[in-house]
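Remarks on the structure that follows.
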Number of protein chains: 2
Amino acid sequence: MKSKRHKELPKPTGRPLSFDPHKALDRALDVFWRKGYDGASLSDLTKAMRINRPSLYAAFGDKEKLFRKVLDHYAEGPASHSRAALQEPTSRAVVERLLYGTADMLTSDRNPRGCLWVQGALACGDSADSVRKELISRRLGGEAALRQRLQRAIMEGDLLPDANPTSLARYIAIIIQGMSVQAASGATRSQLRGIIDIVLESWPSRRNT
Amino acid sequence: MKSKRHKELPKPTGRPLSFDPHKALDRALDVFWRKGYDGASLSDLTKAMRINRPSLYAAFGDKEKLFRKVLDHYAEGPASHSRAALQEPTSRAVVERLLYGTADMLTSDRNPRGCLWVQGALACGDSADSVRKELISRRLGGEAALRQRLQRAIMEGDLLPDANPTSLARYIAIIIQGMSVQAASGATRSQLRGIIDIVLESWPSRRNT
DNA sequence: CTGATTTCGTACCGCACGGTACAGAATAGA
DNA sequence: TCTATTCTGTACCGTGCGGTACGAAATCAG
């Protein structure tokens, strides 16, 4: 039971924070996104976050804890379209929104190119190994969520009953991860949309749902 | 004109090399493949290559030059199936061999999981920036070679004339790069083959070529 | 043998890394 | 104002990084 600060009782004695943790996370996200976990140094981070090193450690723990907080921040912010897409009424709408939304995010001028889940720590030194595994886990988790959504779609009848939800979810995951690499290589939004059109043409949805 | 040593005149005076550069490159490849350019330290490399640091610098130049030599070694060795696949007689055979060959390589027990071109330096620190750009260039080069092969296939009639070679080549590149991320996440060979089946089902080849 | 040449192994360089000690500044409650 | 508490900024720690100086060892030509 380690409840440092309750929202309903903001009675902070002592010197107040001189920065907005939310903004600081935003800026840390930008650095990790561009350089990956290993490539982002503490100097890069503190400079971008406009705080000193001890403030970072007091507010976020060490580098790895900061990265995990940044991952949550990313999931709730720039990557929130993924979770939202699963709520579309049909499997085709889910996949459409998932892919187009991802393509938009990957090529937005407001973000670095690519996906933090993919680029954050793909191949890295030993010191980043736990972070690498964390990202693998998150990628597989997203894939599993899509698989369950496709299974539901089969039961609801808008996906052909002989479709394989596991393979289809992995196929879409591959498209997303491949698009991420493409975005990091300089692919444009319209180029990615052209690929999505190819993917959707063969989507095994029933009727025209 | 810097011809250090001609093959036909191996008259090396001085102390002979105590290691096989080819084997050493093999071992360096393994390290870079698993850890990426930034994540592989010189200590990792010299330990794996079983040579001392000055020997490495004398034989291969600095770390970046070694990495570029390793890239060539990779292209001619584990990744040689890519170039070979382009010589298949039809576009469908090209893509089949390209994808299945890649899936085999990505999940071979003899290699680290994933593709060096993708994982070598996707997001990294500033010091690896030129290496990152080199890998982007190689990825785009491979994609361009496939595009040209598909254009030839249209002229030869085994690919539907309204197919878009640029988009199709990018689509296959995305599949390959996505499979690389999947392999790094632990996907098995049969799982990747399942995805390839999905891709090939909608390949726009004429007749059953 | 001697001498020229090239590689080998140790031991080291400056530097940037992630992480922290510590003293002073800013607030709240008394 | 005084005290307790928390945050800020400087200055530093040990470590590992990429890269190298240098003398010993190994070969060949003569």
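Letters go in sequence order (proteins before strands), and every chain restarts at 1.
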How close or far is atom [atom2] of [N] from atom [atom1] of [X], stated in whole angstroms?
| X | N | atom1 | atom2 | result |
| --- | --- | --- | --- | --- |
| A/Ile51 | C/dG19 | CD1 | P | 14 Å |
| B/Asn52 | C/dC12 | CG | C1' | 14 Å |
| B/Lys63 | D/dG16 | NZ | C1' | 12 Å |
| A/Met49 | D/dT8 | CE | C1' | 15 Å |
| A/Leu56 | C/dT20 | CG | C1' | 13 Å |
| A/Leu42 | D/dA11 | CG | C1' | 16 Å |
| B/Phe60 | D/dG19 | CZ | P | 15 Å |
| A/Leu17 | D/dT8 | CG | C1' | 10 Å |

> Between A/Phe67 and A/Phe32, how do the two ring planes meet: parallel, tilted or perpendicular, split at 30° and 60°?
Replying inline: perpendicular

>> Let me spell it out: for each of B/Glu64 and B/Gly14, pick the nucleotide of DNA chain D with the closest heavy atom. Which residue's pick is nearer the 5' end?
In response: B/Glu64

Side-chain N,O ([X]) to OP1/OP2 ([N]) below 4.0 Å:
| X | N | result |
| --- | --- | --- |
| B/Ser55 | C/dT7 | no |
| A/Ser18 | D/dT8 | yes |
| A/Ser41 | C/dA16 | no |
| A/Ser43 | C/dC17 | yes |

>> Let's see if you can work this out: which of C/dG19, D/dA21, C/dA21 has an atom nearest to the side-chain heavy atoms of A/Tyr57?
In response: C/dG19

> Closest to the A/Asp62 side chain: D/dG9, C/dG19, D/dG18?
Replying inline: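 Nearest listed nucleotide: C/dG19.
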
>> What I'd like to find out is whether the side chain of B/Tyr57 reaches to under 4.5 Å of the side chain of B/Leu66, using heavy atoms alone.
In response: no

> Side-chain donor or acceptor of B/Arg15 under 3.5 Å from a matching atom on the base of C/dT6?
Replying inline: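 When only heavy-atom distances are counted, B/Arg15 does not reach the base of C/dT6 through any donor-acceptor pair under 3.5 Å.
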
> Is any side-chain N or O of B/Arg53 under 3.5 Å from a base N or O of C/dG9, one able to act as donor and the other as acceptor?
Replying inline: no

> Which of these, A/Arg152, A/Arg83, A/Arg97, A/Arg149, sits in a salt bridge (Lys or Arg N to Asp or Glu O under 4.0 Å) with A/Glu88?
Replying inline: A/Arg97

>> Using a 4.0 Å heavy-atom cut-off, does B/Pro16 contact any base of the nucleic acid, only the sugar-phosphate backbone, or nothing at all?
In response: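 Sugar-phosphate, no base atom in range.
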
>> Pairing donors with acceptors under 3.5 angstrom, does anything connect the side chains of B/Arg113 and B/Ser185?
In response: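 No donor-acceptor contact under 3.5 Å links the two side chains.
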
> Just by distance, with hydrogens left out, do B/Ser180 and B/Trp117 show a side-chain donor and acceptor under 3.5 Å apart?
Replying inline: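 No, because no side-chain N or O of B/Ser180 sits under 3.5 Å from a partner of the opposite role on B/Trp117.
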
